[in-house]
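Have a look at the structure below before the remarks.
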Protein chains: 2
Amino acid sequence: MRENLRFDPVDLQILRVLQNDARITNRDLAAAVGIAPSTCLDRVARLREGGVILGHALRVAPEALGRPIQAFLSVRVQPHRRPLVEPLVEHIRTRPETRALYHLTGPDDFLVLVAAADVADLQRLVLDEFTARPEITRVQTMLVFQEWDGGPLLPPG
Amino acid sequence: MRENLRFDPVDLQILRVLQNDARITNRDLAAAVGIAPSTCLDRVARLREGGVILGHALRVAPEALGRPIQAFLSVRVQPHRRPLVEPLVEHIRTRPETRALYHLTGPDDFLVLVAAADVADLQRLVLDEFTARPEITRVQTMLVFQEWDGGPLLPPG
DNA sequence: CGTGAAAGTCACCTAGT
DNA sequence: ACTAGGTGACTTTCACG
């Protein structure tokens, strides 16, 4: 990842289109941004090498997979030291329900997005995998009613 | 999206491999899960039609795009009624800093993941786009130290 | 940095078993 | 489900402005 902080209008357009549909073919992408396919391939490779494009992720529907209940768990850890935190992070990351994990500033230390099969499954997860651990002093559970994605992420200015 | 709640071990393997690398070719995917390419194409199409696979998303690095500061904003809205909430959701979703938005149960109503250029940009966002709105009664800002993805999302059991 | 053409690979469809 | 064949589209490379 180099310090690629130069983006011309073509780069921005590529990022916009690709974030809207990552499965677009290079041909169509080139046509959409108004350059030749080979040039476009080069641009995208450059964005990839530059660390701007990290990869492609599959968007799956948790409810179609039998995990219709999503929740954020706000977790407080004490004492908040490396020897305790690092195994905890690994433990949380490897739960099959965990979708994302964030280390935060604020009253609580971690925020975990989980997808559970039902409310009983969520309760089991909280009780057995979180509050049962001695270093976790508090877990606040917030159910997700609905989620939205933001628009394409672009450079500021 | 039909009620596709039957997944055999091959489906699970496909979901695992695809979530690990969504850009894999159908040939390689077929080889990885041990079936013929034509069969594999059919399986993936079925998962797509069944609403399990929603699409492909580009993974971008906010810091490489000049937005190195990420934060969660926990937002309380009062009164919490549709005529106020729906325009607010649209306003938040269309901010260029917004990466994701969640409507939650709990003391606060919304959680917003944002990516800002610097701390001053974050302050401007909070003050001008959030607390300035009369229906927002409280915004709690939590900086993101670090984030991790969970493993591949699979059916429970 | 951009283009156009050429070569190899792949997705995709259709049958047959 | 797999195999096989066939077509068109696609990625990728390269020599050249």
Side-chain angles (χ1 to χ4, degrees), chain A residues 1-61 64-66 152-157, chain B residues 1-61 63-66 152-155 157:
Chain A
M1 175 165 76
R2 281 162 294 180
E3 62 291 345
N4 259 33
L5 294 179
R6 286 289 164 75
F7 301 100
D8 69 8
V10 175
D11 289 322
L12 299 185
Q13 196 61 11
I14 287 176
L15 287 170
R16 232 187 301 264
V17 174
L18 269 186
Q19 286 182 69
N20 184 270
D21 172 19
R23 237 167 68 101
I24 191 174
T25 66
N26 183 64
R27 262 180 79 96
D28 291 349
L29 176 60
V33 305
I35 57 178
S38 53
T39 309
C40 188
L41 206 66
D42 201 49
R43 290 275 194 151
V44 174
R46 221 174 284 271
L47 289 170
R48 215 176 283 279
E49 289 160 18
V52 178
I53 295 177
L54 297 174
H56 289 237
L58 200 67
R59 291 170 39 83
V60 299
L65 278 175
L153 195 67
L154 296 173
Chain B
M1 176 164 75
R2 282 163 292 178
E3 62 290 349
N4 260 32
L5 293 180
R6 286 289 163 77
F7 300 100
D8 69 8
V10 175
D11 288 322
L12 299 186
Q13 197 59 14
I14 287 176
L15 286 170
R16 232 187 300 265
V17 174
L18 270 184
Q19 285 183 66
N20 184 269
D21 173 19
R23 245 167 59 103
I24 193 174
T25 66
N26 181 65
R27 285 169 129 77
D28 292 346
L29 175 59
V33 305
I35 58 176
S38 57
T39 310
C40 187
L41 207 65
D42 202 49
R43 291 275 194 152
V44 175
R46 225 175 280 271
L47 288 170
R48 216 176 282 280
E49 289 161 17
V52 177
I53 297 176
L54 296 174
H56 290 236
L58 200 69
R59 290 170 40 83
V60 299
E63 67 275 15
L65 277 174
L153 194 65
L154 296 173

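Every chain is numbered from 1, with letters handed out A, B, ... down the list of sequences.
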Revision key, fill the gap. Separation of dA11(C) atom P from R48(B) atom CZ, nearest Å, is 12 Å
Review point. Mind checking whether V17(B) and D21(B) have side chains closer than 4.5 Å, heavy atoms only?
Key: no
Check your understanding: What do the steps show when you test D42(A) against R46(A) for side chain to side chain contact (heavy atoms under 4.5 Å, CB included), and what is the final call?
Key -> CA-CA 6 Å; D42(A) 201 49; R46(A) 221 174 284 271; 2.5 Å; yes
Check your understanding: Could you walk me through whether I53(A) and L18(A) pass the side chain to side chain contact (heavy atoms under 4.5 Å, CB included) check?
Key -> CA-CA 10 Å; I53(A) 295 177; L18(A) 269 186; 4.0 Å; yes
Review point. Base, backbone or nothing for each nucleotide of nucleotides 8-17 of chain D, written B, S, -, heavy atoms under 4.0 angstrom, 5' to 3'?
Key: --SSBB----
Practice item. Please examine the side chains of L15(B) and L65(A), heavy atoms only from C-beta on, and report whether any two atoms are closer than 4.5 Å. Key: yes
Point to revise | Canonical and wobble pairing (Watson-Crick, G-U, under 3.5 Å) of DNA chain C, dot-bracket with | | key: .||||||||||||||||
Review point. Any side-chain heavy atom of V44(A) sitting closer than 4.5 Å to one from L29(A)?
Key: yes
Review point. For dC1(C), does OP1 or OP2 lie under 4.0 Å from any side-chain N or O of T39(A)?
Key: no
Point to revise | Heavy-atom side-chain contact between P155(B) and L12(B) under 4.5 Å | key: yes
Check your understanding: Can you tell me if the side-chain N/O atoms of R43(A) get under 4.0 Å from OP1 or OP2 in dC1(C)?
Key -> no
Point to revise | For the student: nearest non-hydrogen atoms of A22(B) and A57(A), plus distance | key: CB-C, 3.9 Å
Exercise for review: Hey, could you give me the CD/CG distance between Q19(A) and L154(A), rounded to the nearest 0.5 Å?
Suggested key: 6.0 Å
